[in-house]
Amino acid sequence: MSLTDNYRNVQNRVMAACEMAGRPKDDVRLIAVSKTKPVSDIREIYDAGCRDFGENKVQEILEKYDQLPGDVRWHMIGHLQTNKVRQVIDKAYMIHGVDSRKLADVISREACKKGITVRILIEVNVADEETKFGTDLNEGPDLYEYATSLPGIEVCGLMTIAPYTVDAEENRQYFVDLKQLSVDIINQNHHNGECMELSMGMTGDYEVAIEEGSTMVRVGTGIFGPR
Ligand SMILES: *Cc1c(COP(=O)(O)O)cnc(C)c1O
């Protein structure tokens, strides 16, 4: 199968999962996670119609940014160090992994210096894995509210990285928990009223994530093959 075939296959499965869940079939944005992959691979998926690509290293976004058309939306999905914020905030369409006040502060400060607004998601470590970044579930609403109060930032929703598993069902509860957290935040009026994206679901579990309310799935291996 070509990369384009892989991409079409994942697209179809995303749409089928939406239908199964009784959601419009364009309800979920498919982010092609292109980390470690060459520009030629990305170009192929771009030509197949994809505009959303995910990277987890600032350096890689910077290198690829100039080599691909300007309408690519680069999603920074990895852990972002505060000293790299300045380089990436005007290149990334959205920063998925904001997990501390300190990081939010730096993004806000650098965004104001550049006169831009940066879209972010609050990363929540729903599975409470010690090896993972992300704020604790019970601290999510506070961080969400705090980031919403800062200038130069648009908080667009929540993100989580579920554990790697071969059985997607094992991750269902984490997706339910993130969805519930978003509902709690909306009800507590910490919501900016514009959007509540849920970035959850990867190659192994994106269909389950869609059933539980994901609006953005991050699929790497399923499109580009193993890394
Ligand atoms: C690498 C990565 C993905 C994609 O993982 P696959 O299992 O290859 O689909 C998704 N999200 C994040 C945060 C990642 O780092």
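Since the model is a prediction, treat every value here as computed from it, not as a measurement. First listed ligand is number 1; within each ligand, the first listed atom is number 1. Note that these values count all heavy atoms, side chains included, but never hydrogens, waters or copies made by symmetry.
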What is the closest protein heavy atom to atom 9 (O) of ligand 1, and at what distance does it sit? Thr203 OG1, 2.4 Å

Out of Met200, His96, Arg218, indicate the one that has the non-hydrogen atom closest to atom 11 (N) of ligand 1. Arg218

Hey, does Leu181 have a side-chain heavy atom less than 4.5 Å from the side chain of Tyr144? no

Contact atoms of ligand 1, heavy-atom distance to Gly220 under 4.0 Å: 4 (C), 6 (P), 8 (O), 9 (O)

Is there side-chain contact between Phe53 and Leu68, with heavy atoms separated by less than 4.5 Å? no

Please state which protein non-hydrogen atom is closest to atom 8 (O) of ligand 1 and give its distance, to 0.1 Å? Thr221 OG1, 2.5 Å

May I ask you to say whether Asp27 pairs ionically with Arg23, meaning some side-chain N is under 4.0 Å from a carboxylate O? yes

Does the structure place the NZ or CZ of Lys91 under 6.0 Å from the centre of the six-membered ring of Tyr65, at an angle of no more than 45° from the ring's axis? yes

Compute the shortest N/O to N/O distance between Met159 and ligand 1 and return yes if it is under 3.5 Å, no if not. no

Does Gln188 reach the side chain of Glu145, with side-chain heavy atoms less than 4.5 Å apart? no

Presence of salt bridge, Arg101 and Asp105, under 4.0 angstrom: no

Protein residue, atom and distance nearest to atom 12 (C) of ligand 1, heavy-atom basis: Ile77 CD1, 3.5 Å

Taking 4.0 angstrom as the limit and counting only heavy atoms of Val219, give me the atoms of ligand 1 inside it, by number and element. 9 (O)

Is there a heavy atom in Arg227 that sits closer than 4.0 Å to ligand 1? yes

For atom 2 (C) of ligand 1, closest protein heavy-atom neighbour: Lys35 NZ, 2.6 Å

Under 4.0 Å between a side-chain nitrogen and a carboxylate oxygen: does that hold for Glu212 and Lys179? no

Suppose we measure from atom 5 (O) of ligand 1 to each protein heavy atom; which comes out shortest, and what is that distance? Met202 CE, 3.5 Å

